[in-house]
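Just so we're on the same page: letters track the sequence lines, and every chain starts at 1. For the numbers below, each heavy atom of this structure counts, side chains included, while hydrogens, waters and symmetry mates do not.
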Amino acid sequence: MGDYIVLIISCIFVNNILLAQFLGNCPFFGTSKKMETAMGMSMAVVFVLVMAGMITWMTEAYILKPYNLEYLRTISFILVIASLVQFVEMFLRKSIPGLYAGLGIFLPLITTNCAVMGVCLINIKEEYSFMQALVASFAYAVGFGLALVLFAGVREKILIARVPKPLQDTSIALVTAGILSLTFFAFKGMV
Amino acid sequence: MAKSIASEFTKGLWNEIPPFRLVLGLCPVLGVTTTMQNGVGMGLATTFVLICSNILVSALRNLIPGKVRIACFIIIIATFVTVVELAMQAYAYQLFQQLGMFIPLIVVNCIVLGRAEAFAFKNNVMLSAADGLGMGIGFTLSLGALGGVREIIGTGTFYGASLFGPSFQPFTFMVQAPGAFVCLGLMLCIMNMFGSK
């Protein structure tokens, strides 16, 4: 049990997927202008990442490994993730329209979110067991959501501030992300 | 509006240079640019994928049904990424290990998919190849520049060679995670100061 708690803390804070591993930065800057979109994106990522983590782990363990097809990992993982996203989208539209309305526009974007693909690859690289992969996927996704929501909050404040012209928009956002990343740096010694 | 091959090529070098003008594909930009060598290596790998996928998408654009085009693009891109991955394992193993996960992640690099969707799907093969080459070289230049700045300030070396002698105290902040964001942000700011149209 203790191992899992350490794993969760290390995935959420110490190795935060956005600020320490630099994965999933496109949606990080793209959807963080408003709190609403940031929340939507975070929810969608948690949802998809946990499922993708499980399914890609099974693909690796039951299909690629036994037949020595590891060199097809990249292409098979992206196919699994893309079809999973499509499937989840269709399923939500039919059965849970409320959730679909909330997550809808963010779901297609997730296919090209490197955080999802990245976590699946990390799970394989670290040779996690199924439970560990499941817990790590969830914790990484929570870390993603946490960083995204925090950042969206800061960016909403920047909108009212007076920023020098060349620094406006993306530039100031990057510098702010750097400072946010610095605060996450403080967790380095924890695990 | 006539599009010439030359203008498609040069727009990737300044007017729409990724990732500064088009803020796409930031993950490898921030992740691998701790040294100039890594940056250039990553840039070249991405350039290869970009050119090949642009050519193939453009050649097949009349055959690919519009509704499943994204899935088709992804398969095409993933194929070329696998080619790069295997080639690098065979011929540049050290670089491959340093870039690590970021090579398979070219698949989900928004620039590659973005160019396939926004450009190659609508234009002929020659123009698409020029676009891919221009964007690729622009991307390599940006990665090289960012890697160079971070390497010089962060470790006091340039392309592996020591610059300032033993008395130099490296500013390690620059090669760590937060430095990547701040450095890219400030470079973007400098580009905005000079390049505002």
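Looking only at heavy-atom pairs under 4.5 Å with chain B, the residue among T183(A), I179(A), I122(A) that has the most is I122(A). Options R73(A), K125(A), M117(A) differ in how many heavy-atom pairs under 4.5 Å they form with chain B, and the most are formed by M117(A). Note on L167(A), L72(A), I172(A): by heavy-atom pairs under 4.5 Å with chain B, the leading option is L167(A). With chain B as the partner, the residue from S83(A), G118(A), A20(A) showing the most heavy-atom pairs under 4.5 Å is G118(A).
The neighbour count for M187(B) CE, taken as heavy atoms of other residues, nucleotides or ligands under 6.0 Å away, is above 12. In Y4(A), the OH atom is crowded: over 12 heavy atoms of neighbouring residues, nucleotides or ligands sit closer than 6.0 Å. Within 6.0 Å of CZ in F130(A) there are more than 12 heavy atoms belonging to other residues, nucleotides or ligands. F138(A) CZ: 12 or fewer foreign heavy atoms inside a 6.0 Å radius. Enclosure of atom CE in M126(B) is not indicated, since only 12 or fewer non-hydrogen atoms of other residues, nucleotides or ligands lie within 6.0 angstrom. Crowding of Q97(B) atom CD: a count of heavy atoms from other residues, nucleotides or ligands under 6.0 Å exceeding 12. The environment of CD in E156(A) is crowded: more than 12 heavy-atom neighbours from other residues, nucleotides or ligands sit within 6.0 Å.
The one candidate from T82(B), V108(B), I106(B), T79(B) that meets the side-chain contact (heavy atoms from CB on, under 4.5 Å) condition with T74(A) is T82(B).
As a member of the Ile/Leu/Val/Met/Phe/Trp/Tyr network built from side-chain separations under 4.5 Å, M35(A) groups with M39(A), V149(A).
Proximity to chain B is absent for every atom of L180(A), based on heavy atoms less than 4.5 angstrom apart. The contact between F185(A) and chain B is made entirely by side chain atoms (from C-beta outward), counting heavy-atom distances below 4.5 Å. Only the side chain of E85(B) comes within contact range of chain A, with at least one heavy atom under 4.5 Å from a heavy atom of that chain. The contact between L18(A) and chain B is made entirely by backbone atoms, counting heavy-atom distances below 4.5 Å. Residue Q21(A) touches chain B through its backbone alone, counting heavy-atom pairs closer than 4.5 Å.
Residue V80(A) is grouped with residue Y62(A) when hydrophobic side chains (ILVMFWY) are merged at heavy-atom distances under 4.5 angstrom, including chains of intermediate members. Taken together through direct or relayed side-chain contacts under 4.5 Å among Ile, Leu, Val, Met, Phe, Trp and Tyr, I103(B) and I75(B) form parts of separate hydrophobic clusters.
Taking all atoms of both residues into account, the shortest heavy-atom contact from L174(A) to G185(B) is CB-CA, 3.6 Å. The two residues P178(B) and G178(A) make their nearest non-hydrogen contact at CB-O, 3.4 Å.
A distance of 10.5 Å separates CD1 in I75(A) from CZ in F80(B), rounded to the nearest 0.5 Å. Remark: F28(A) CZ to L30(B) CG distance equals 10.0 Å, nearest 0.5 Å. A distance of 8.5 Å separates OG of S171(A) from CG of L184(B), quoted to the nearest 0.5 Å.
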Side-chain donor-acceptor pairs of residues 134-141 of chain B under 3.5 Å, sequence neighbours excluded:
residue: T140(B); atom: OG1; partner: G43(B); partner atom: O; Å: 3.3
residue: T140(B); atom: OG1; partner: T47(B); partner atom: OG1; Å: 3.1
residue: T140(B); atom: OG1; partner: G136(B); partner atom: O; Å: 2.7

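The shortest side-chain heavy-atom distance between F181(B) and L182(A) does not fall under the 4.5 Å cut-off. Contact check for I78(A) versus V81(B): no side-chain heavy atoms found under the 4.5 Å cut-off.
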